[in-house]
Amino acid sequence: MSRRLTIGVDFGTTYSGVAYNHLGDDSKEPLIITDWGAGPTSDKVPTVLRYNVSDHLGGLAGVKWGYQVKHHERRQEWFKLALDPMVYKANDCVDLSQSYASELAEPPDYSRSAQTLVTDYLTALRKQVMKALAEKFGNAAMKTANIEWVITTPAVWSLRAKDDTLKCAEKAGMGKGQAIKLVSEPEAAAAYAIKMMQPVSLQPGNNIVVCDAGGGTVDLITYRITSIAPLEVEESAVSSGGKCGGVFVNRIFQKMVEDRLGKNSGLTDIGKHQLLNHFETYMKREFEDTGDPSNEHYVPAPGARASAKARVQGNSMLITEQDMKEAFDPVIDEVIKLVKHQIESVQGAAGANKVSAVLLVGGFGESRYLKKRLEDAIQPISLICPPNGWSAIARGAVIKGIASHQSAPGWRVNSRKSDVHLGTVVYRDFVDGKHDRSRRYWDDLEGCWKCRDLMSWFINRGEDLSETKSKSFSFYRNIEVGEKFKFTEELQSSFEDSTDGPEYYDIGVCRKQVSFKVDMSKVPKDRFVKKRGANGNDYYRIDYEILARFESASVEYKCQFQGSIYGSVKATYAQ
């Protein structure tokens, strides 16, 4: 019997969830943690922290987390997104948090970095998960189990942010090396949801857009089905996303209520909490557009003075169906824009690559009104809402973890789309009439004119990347005799939405993505080509490759010289 215990962590912006496999039986559907040590039994726990309290909770002195933080208490929230602060600030990326801010969020805590907040939260989460699993399987079984953690990250995040997430999870005690993996959120959702759909709803060649509509963010990715048995897919569009999750419906509703009541309405803080909690628990989840103007709701408004204008009477406020639509529509409009843009990026102007279905998951994805509006907006494309949409990412993370150990996995991504141009600055022989003369310089060693700041792009945006085959990046170095055979190489990225990246390095459109420390000191010197420089100095020319294997949310780098691998390369990601 297998003693591997795979734990999938959906580390979310507003809520986080955890799933795990049946110890000894990977064929069954993953289970989920519902005991969070405080608060209600739930598929997920709030991604919030509260510092500077006197009690000792969550395994961290002076810290409350999850449901321990009460509804009215100020808290650290949305700290996950601070790991990649620029990703949702692009010109074409919607960010509703700028218009609808949280009133309970503590101001930025400059004494604690985003990495510290994430590590503290994941530490508390891990302790509770291990406690719940020990209660289920027993302490003896947990001590002998081979535990593997699979952590999810947004597909649109930078490699630096994904690497930071991995490091935070390691510091939180979730293992190291092969005991911990990263997977993108929409890929995890797809691994679960598409697996639940097969084989009736799928055919090879189908393009499936996965829309993960969460509390804070909405992320999208598209897969083309290449095989049903075994289930294999490939990415057919670059991932996208924005800050337009379900929490903004709450914030718009809150602002609507506050504007209607005005100041000095008499509504108490407790009354306000009851009103908003009623909206979140009942109205928001159950709302659908019936088209009946008489379809009205009453929400508790304790202490609020009676007002015909504010529609308050008997400690209750009247909310119409139109009010509900006004709270939902600005958010759903943005979700629809994202989905349509993703569909258009797959189908192209001619509509040659048809999208067969949009697969909707995530907490906000369970909204009846969102489902109806999105279904109407994408017709004739089908909208599929799989069961357990809120926990699909955590369950899918478990499926991905299990698949990585199987010779014939039940889910595999054959190729992914690069979301950036990736290359390096090179210095090549100057060609008059082709290169910019202002970039020309004389190379004393090689005795010729060179062109500086040329870009050599190894990967272009939208290019297919294999998870099983490494991509080779060719480099060369001239090392003068007596110099060290240790050096650093850098890869630059560009998000230019074009077929090719820019010809020259430009600080405005290129930014350092990763640097490598390469050590050739153990290679016998007689394997290098020795030359006499134009300046009379002897030097070695070293031609080598960096091999990169692109996984779901991480990249493995190795150094190759004359066909031999010289171990893994230490990669440092830029901010």
Side-chain angles (χ1 to χ4, degrees), residues 1-11 16-37 43 45 58-59 118-119 121-153 162-185 187-189 191-192 195 230-231 388 391-413 467-468 549 551-556 558 567-568:
M1 182 177 72
S2 172
R3 300 302 301 170
R4 184 184 303 111
L5 180 60
T6 302
I7 304 173
V9 179
D10 171 15
F11 174 40
S16 295
V18 178
Y20 58 97
N21 68 314
H22 294 256
L23 196 57
D25 188 353
D26 291 339
S27 63
K28 294 182 179 179
E29 183 177 339
L31 303 169
I32 57 172
I33 299 290
T34 58
D35 176 12
W36 300 109
D43 288 1
V45 61
V118 171
T119 300
Y121 180 81
L122 291 180
T123 299
L125 182 78
R126 177 188 59 80
K127 288 178 177 290
Q128 179 57 33
V129 168
M130 296 304 288
K131 179 181 177 182
L133 291 177
E135 291 176 355
K136 178 176 179 60
F137 296 120
N139 288 322
M142 290 298 293
K143 287 180 180 179
T144 59
N146 182 13
I147 300 176
E148 173 187 71
W149 294 81
V150 184
I151 319 298
T152 66
T153 64
K162 293 172 182 176
D163 189 58
D164 280 348
T165 303
L166 181 64
K167 290 176 180 176
C168 290
E170 289 177 344
K171 289 181 181 179
M174 294 179 175
K176 290 186 177 182
Q178 295 301 310
I180 186 168
K181 292 182 173 66
L182 293 181
V183 60
S184 74
E185 291 167 357
E187 183 169 322
Y192 173 73
K195 196 173 178 65
L231 181 55
N388 303 314
S391 60
I393 293 175
R395 295 174 193 262
V398 174
I399 292 173
K400 282 287 297 180
I402 292 172
S404 68
H405 298 285
Q406 297 173 329
S407 57
W411 163 268
R412 179 162 57 201
V413 179
E467 183 173 292
T468 57
R549 186 167 62 85
E551 299 180 344
S552 175
S554 60
V555 185
E556 179 187 62
K558 292 184 178 180
S568 296

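A donor-acceptor pair is defined here as one N or O able to donate and one able to accept, closer than 3.5 Å; no such pair exists between the side chain of Arg549 and the backbone of Glu556. Of the possible polar contacts, none joining the Asp43 side chain to the Asn388 backbone as a donor-acceptor pair under 3.5 Å is found. Panel note: side chain Thr6, backbone Val398; no donor-acceptor pair is recorded below 3.5 Å. A donor-acceptor contact shorter than 3.5 Å links the side chain of Arg126 to the backbone of Ala172. Remark: side-chain polar atoms of Gln128 are paired, donor with acceptor, to backbone N or O of Asp35 under 3.5 angstrom.
No salt bridge links Lys176 with Glu170; every basic N to acidic carboxylate O contact stays at or beyond 4.0 Å.
For the residue pair Gly396 and Ala191, the shortest heavy atom distance occurs at O-CB, 4.1 Å. The minimum heavy-atom distance between Leu5 and Tyr20, with the atom names listed, is CD1-CB, 4.4 Å. Looking at every heavy atom in both residues, Ala134 comes nearest to Asn139 through CB-OD1, 3.3 Å. Ala188 and Thr152 get closest at one heavy-atom pair: CB-CG2, 4.2 Å. The minimum heavy-atom distance linking Ala19 with Pro30 is given by the pair CB-CB, 4.4 Å.
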- Item | From CA spacing to verdict: side chain to side chain contact (heavy atoms under 4.5 Å, CB included), Ile393, Tyr192 | CA-CA 7 Å; Ile393 293 175; Tyr192 173 73; over 6 Å; no
- How far apart are the C-alpha atoms of Thr165 and Val118, what are their side-chain angles, what is the distance that settles it, and do they pass the side chain to side chain contact (heavy atoms under 4.5 Å, CB included) test? CA-CA 8 Å; Thr165 303; Val118 171; 5.6 Å; no
- Message: Between Arg395 and Glu29, is the salt bridge (charged side-chain N to carboxylate O under 4.0 Å, His left out) condition met? List the steps.
- Response: CA-CA 8 Å; Arg395 295 174 193 262; Glu29 183 177 339; 3.1 Å; yes
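Atom CD1 of Ile33 sits about 4.0 Å away from atom CG of Leu133, to the nearest 0.5 Å. From Arg3, atom CZ reaches atom OG1 of Thr144 across 4.0 Å, with rounding to the nearest 0.5 Å. To the nearest 0.5 Å, atom OG of residue Ser404 and atom CD of residue Glu467 are 9.0 Å apart. A distance of 6.5 Å separates CD in Glu148 from CZ in Arg4, rounded to the nearest 0.5 Å. Taken from CD in Glu135 to CE in Met130, the straight-line distance is 12.0 Å, to the nearest 0.5 Å.
The shortest distance between side-chain heavy atoms of Trp149 and Leu122 does not fall below 4.5 Å. In this structure, Ser391 and Asp10 have side chains that are not in contact, with every pair of non-hydrogen atoms separated by 4.5 Å or more.
Shown are Ile151, Val150, Ile147; of these, the side chain to side chain contact (heavy atoms under 4.5 Å, CB included) with Ile7 is made only by Ile147. Residue Ser552 is tested with Lys162, Glu187, Lys181 for a side chain to side chain donor-acceptor pair (under 3.5 Å); the sole match is Glu187.
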